[in-house]
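First listed ligand is number 1; within each ligand, the first listed atom is number 1.
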Amino acid sequence: MSLLNIDIRKKTYPNGCCAIENLRFSVQPGEFVAIVGPSGAGKTTLLNLIAGLDRSMDGSIVFPTGKTWHADPKVAVMFQEPRLMPWLSVQQNLELVLPAPARVQQRAALQELLASVGLADCGKLFPGQLSGGMQRRVALLRAFIVEPDLLLMDEPFQSLDAPNANQLRILLQELWQRTRPTVLLVTHNLREALCLADRILFFSDQPSTVILNFSVDLPSPRGIDDASVQKLHDSLLAEYPKLLEGKLDPLDRQGAVPFLQAV
Ligand code: ADP
């Protein structure tokens, strides 16, 4: 049974901008799905709708149980910026997302978690005393300690240099393996999507819809610089040269290609 069913007929902003049209897909429990599409396609709009930050749309986002999506599951969001509270210590930033009774009980566990992600002596430091990469580590940990059913990630490693982004991807893989929440990761980095995800949904240009539902059939865990990732990256773009612009060739639209799968 799927964890999440999306069926958005239309999402139009008050200024008339139609960001999403006829967007339908399902996500399975524990699945890691990447959403790849051109800038302005409507990816952030979709995450905001799923997170319940914006509820104005024509369509539905539901649990298969029939409950509305926002009523029940635990959803964590990781944005492009770490969004830590600058006046709170690292420890306090993490405690903030835990229910009050758990805060004191989990203090020792949080210390261990911090140590396990290379931040052993950072609990008492403030975000301003950390590097950008360290701040993202804390943000990543914060997203996981609530043990979410669904983790929404919006370009979380953008604007980091390559070594830092790589370390964070490896940490994400480690944390995900521990509890296996369902993840929806928005990125426009195809290699990142191929490295991290079980499945990639390629979005069209605005208004966004799914143009290709692609299962990543590679052994995991895998690194972004692995030859297998590079090979699949190259073959996908050879088959669909305008994929990252949100376009499939007319021939592909007729379904006469090996990669195309039912959405
Ligand atoms: P993406 O995340 O794929 O880059 P967005 O979801 O941010 O795209 O935006 C999709 C489209 O919706 C863009 O044309 C953008 O200008 C428009 N848009 C986003 N937010 C608003 C808003 N609050 N009001 C009006 N238009 C918006």
Side-chain angles (χ1 to χ4, degrees), residues 4-27 31-62 68-70 75-83 132 136 139-140 143 148 150-160 165 168-169 172 181-214 216 224 233 236-237 240-248 252-253 263:
L4 172 64
N5 287 334
I6 306 275
D7 182 357
I8 302 176
R9 284 179 287 285
K10 217 164 210 182
K11 162 63 190 173
T12 307
Y13 283 105
N15 66 356
C17 170
C18 179
I20 298 175
E21 193 165 23
N22 293 327
L23 181 67
R24 285 185 199 93
F25 65 90
S26 297
V27 181
E31 209 182 3
F32 196 130
V33 177
I35 295 174
V36 175
S39 183
K43 305 181 296 296
T44 299
T45 300
L46 172 67
L47 289 199
N48 286 340
L49 288 168
I50 295 173
L53 300 172
D54 178 359
R55 299 188 179 196
S56 139
M57 62 163 178
D58 172 14
S60 61
I61 296 174
V62 289
T68 57
W69 172 238
H70 317 294
V75 181
V77 185
M78 190 170 167
F79 299 96
Q80 290 175 8
E81 298 305 323
R83 298 202 188 182
R136 306 287 169 110
L140 199 50
L150 177 67
L151 173 55
L152 304 172
M153 309 184 87
D154 193 356
E155 303 262 16
F157 311 133
Q158 211 192 21
S159 75
L160 282 176
L168 265 290
R169 285 185 199 108
L172 169 59
T182 307
V183 179
L184 265 184
L185 167 82
V186 163
T187 177
H188 55 247
N189 182 338
L190 179 54
R191 279 189 197 84
E192 177 171 279
L194 289 166
C195 161
L196 294 172
D198 299 319
R199 187 158 63 101
I200 305 176
L201 299 173
F202 288 94
F203 276 23
S204 68
D205 206 351
Q206 180 200 342
S208 60
T209 188
V210 178
I211 55 169
L212 184 64
N213 179 0
F214 182 76
V216 182
I224 195 162
H233 170 275
L236 255 175
L237 291 186
Y240 308 114
K242 293 191 174 169
L243 190 57
L244 300 182
E245 295 163 43
K247 296 184 183 84
L248 292 177
D252 303 335
R253 281 194 180 281
V263 176

### Query
Looking at residues at least two apart in the chain, or sitting in another chain, which of them share a ring-ring contact (aromatic ring centres under 6.0 Å, His included) with Phe32?
Trp176
### Query
Protein residues near ligand 1, heavy-atom distance below 4.0 Å?
Tyr13, Asn15, Cys17, Ala19, Pro38, Ser39, Gly40, Ala41, Gly42, Lys43, Thr44, Thr45, Gln206
### Query
Do Lys242's NZ or CZ and the ring of Tyr240 fall within the cation-pi criteria of under 6.0 Å and 45°?
no
### Query
Any idea which heavy atoms bring Gln158 and Arg136 closest together, and the distance?
O-NH1, 3.3 Å
### Message
For the residue pair Thr44 / Asp154, report whether a side-chain donor-acceptor contact shorter than 3.5 Å exists.
### Response
yes
### Message
Are the side chains of Ile35 and Val210 in contact, using a 4.5 Å heavy-atom criterion?
### Response
no
### Task
Check whether any side-chain heavy atom of Met153 sits under 4.5 Å from a side-chain heavy atom of Leu140, and report yes or no.
yes
